[in-house]
2 protein chains.
Amino acid sequence: MPLALYHRRMGMPPADRLGIDLHRADLELMAAKRLAVDPAGLTVPQYAALYVLADSPGISGAALARSCQVTPQAMGVLLKHLTERGLVERAPHRWHRNVLETRLTDRGRAALELADERATEVEQCLADEFTEAEQEQFRAFLNRAERALRHAADDLG
Amino acid sequence: MPLALYHRRMGMPPADRLGIDLHRADLELMAAKRLAVDPAGLTVPQYAALYVLADSPGISGAALARSCQVTPQAMGVLLKHLTERGLVERAPHRWHRNVLETRLTDRGRAALELADERATEVEQCLADEFTEAEQEQFRAFLNRAERALRHAADDLG
DNA sequence: TGACAGTCATCAATGCATTGATGATGATGG
DNA sequence: CCATCATCATCAATGCATTGATGACTGTCA
């Protein structure tokens, strides 16, 4: 076997892998958002949780986890940190004593608004790169990709 | 102030935030890849590292980190795990005694090929969702987004 | 009433990723 | 020759996220 072929190509050349471009773009997005929300003392997942919480006060941790697309365990840790820092409050539901209602505190709302101002700049910068029509095309591509990948996951599972 | 406006909208409505769609698609991609490489006993970042390593034997940990778009520290932990499991080997460079040359072991190569077979299926499933022309458009959108976001990060930093 | 399914919270183990700081090494230039 | 700079590895702290397992509670259905 020729040495030149020993380090042979894997199943598909990297340049053809759309997933690589998708992931690279997302890494850049997360890096920018991290920079944006950092001055507010928040991480990106914390910002996401507060953002949902602002529109859904009293939501359960599990429901919040679904909204943020993470597992309940991950959200539990995140909420524990936010509670310790006084950005959210959790209290047992009046009837369903098993669920902990979660709400923003004033400090939490303040941090969210500070973070959202800069996070919005990132989204605006992203939007400004595209015309309205392009944004629609881009969004459609992303949603089709998401759907295709969900089917791929179903097949593999 | 009317109660209906108390939970007021943040800076930009969620439906307008392209970043949300981008991130959701990436989450789905990562979930599918996770399922794909799991039977090989690998995580997605481990698969990525082995993939680069297969084409760049003897690369340094820091260079590998750059290729995989993570910090050297993150790559260090990852390589520590892979070394302990015998999937890669690390040895001091002959001249630059400070750098550790990293190489796949046979077991590492076997795991990579097993993982790559299924990971390629995911990429194929993604590619099959789009025509050739659409793939090029999609890729162009992603690269423009990446560029715009890098500039956004520069502005914020 | 009593079994069952669904939802919620939580503990534990593992792994990824970041910032910040430290120290070793090799190349560059005064 | 020595100072400086860049690169590399590594330690430590913090936080995100996953799977797996456990226990508590609600409501339903037999």
Side-chain angles (χ1 to χ4, degrees), chain A residues 23 26-39 41-50 58-85 87-88 90-102 153 157, chain B residues 23 26-39 41-50 58-85 87-88 90-102 153 157:
Chain A
H23 190 56
D26 189 62
L27 284 177
E28 211 62 54
L29 172 65
M30 289 299 110
K33 290 235 168 171
R34 189 159 44 244
L35 277 178
V37 303
D38 183 67
L42 297 177
T43 64
V44 176
Q46 285 169 353
Y47 163 66
L50 295 184
I59 194 176
S60 76
L64 191 53
R66 283 192 294 273
S67 280
C68 295
Q69 317 228 219
V70 300
T71 58
Q73 291 92 327
M75 187 52 68
V77 175
L78 193 155
L79 287 177
K80 185 163 170 288
H81 293 153
L82 290 180
T83 303
E84 285 164 356
R85 289 173 48 200
L87 300 184
V88 307
R90 311 190 75 188
H93 190 288
R94 191 176 307 265
W95 302 335
H96 306 255
R97 305 301 293 257
N98 202 25
V99 332
L100 286 178
E101 287 187 318
T102 306
Chain B
H23 190 55
D26 189 62
L27 283 176
E28 211 62 56
L29 172 65
M30 289 300 109
K33 288 233 168 170
R34 190 160 42 246
L35 277 178
V37 302
D38 183 68
L42 297 178
T43 64
V44 175
Q46 287 169 352
Y47 162 66
L50 294 184
I59 195 177
S60 76
L64 191 52
R66 282 191 295 273
S67 281
C68 294
Q69 317 227 221
V70 299
T71 59
Q73 292 91 327
M75 187 52 68
V77 175
L78 193 157
L79 287 177
K80 185 165 171 290
H81 293 151
L82 290 179
T83 304
E84 285 165 354
R85 290 173 48 198
L87 301 184
V88 306
R90 310 191 75 188
H93 189 288
R94 190 173 311 258
W95 301 337
H96 305 256
R97 306 302 293 259
N98 202 24
V99 332
L100 286 176
E101 288 186 320
T102 306

> Do B:Leu82 and B:Leu50 come within less than 4.5 Å of each other through their side chains, counting heavy atoms only?
Replying inline: yes
>> Between P on C:dA9 and NE2 on A:His93, what's the gap in Å once rounded to a whole number?
In response: 11 Å
> Just wondering, do A:Met30 and B:His23 contact through their side chains at under 4.5 Å, heavy atoms?
Replying inline: yes
> What are the two closest heavy atoms between B:Leu35 and A:Ala153, and how far apart are they?
Replying inline: CD1-O, 3.4 Å
> Ignoring hydrogens and geometry, is there a side-chain-to-backbone donor-acceptor pair from B:Arg90 to B:Leu79 under 3.5 Å?
Replying inline: no
>> Can you list everything that forms a ring pair (Phe, Tyr, Trp, His ring centres under 6.0 Å) with B:His96? Sequence neighbours excluded, please.
In response: B:His93
>> With a 3.5 Å cut-off and heavy atoms only, can you find an N or O donor on one side and an acceptor on the other between the side chain of B:Asn98 and the base of C:dA24?
In response: yes
> How far apart are the closest heavy atoms of B:Leu64 and B:Ile59, and which atoms are they?
Replying inline: N-CD1, 3.8 Å
> How close or far is atom P of D:dT14 from atom CG of A:Asp38, stated in whole angstroms?
Replying inline: 16 Å
>> As a test of understanding, state which of A:Gln73, A:Lys80, A:Met75, A:His81 forms a side chain to side chain contact (heavy atoms under 4.5 Å, CB included) with A:Val77.
In response: A:His81
> Phosphate oxygens OP1/OP2 of C:dC16: is one of them under 4.0 Å from a side-chain N or O of B:His81?
Replying inline: yes
>> Let me confirm one number: the CZ-OG distance from B:Arg66 to B:Ser60, rounded to the nearest 0.5 Å.
In response: 6.0 Å
> Rounded to the nearest Å, what distance is computed from the CD atom of residue B:Gln46 to the C1' atom of nucleotide C:dT14?
Replying inline: 10 Å
> Which residues within residues 69-80 of chain B lie with some heavy atom under 4.0 Å of an atom in DNA chain D?
Replying inline: B:Gln73
>> Can you measure A:Glu101 atom CD to C:dC8 atom C1' for me and round it to whole angstrom units?
In response: 13 Å
> Are any of B:Arg90's side-chain N or O atoms less than 4.0 Å away from OP1 or OP2 of D:dT10?
Replying inline: yes
> With a 4.5 Å heavy-atom cut-off, do B:Asp26 and B:Leu29 have their side chains touching?
Replying inline: yes
> Taking the nucleotide of DNA chain D with the closest heavy atom to each, which residue, A:Pro45 or A:His96, is nearer the 5' end?
Replying inline: A:Pro45
> A:Leu100 CG to D:dT26 P: how many Å, rounded?
Replying inline: 14 Å
> D:dT18 phosphate, OP1 or OP2: any side-chain N/O from B:Thr43 under 4.0 angstrom?
Replying inline: no
> Starting at CG of A:Asp26 and ending at C1' of D:dA17, how long is that distance when rounded to a whole Å?
Replying inline: 15 Å
> Where each residue is assigned the nucleotide of DNA chain D containing its nearest heavy atom, which of A:Trp95 and A:Arg85 is assigned the position nearer the 5′ end?
Replying inline: A:Arg85
>> Nearest whole Å is fine: how far is D:dT14 P from A:Leu82 CG?
In response: 16 Å
> Going by heavy atoms closer than 4.0 Å, what residues in residues 59-68 of chain A are next to DNA chain C?
Replying inline: A:Ser60, A:Gly61, A:Ala62, A:Arg66
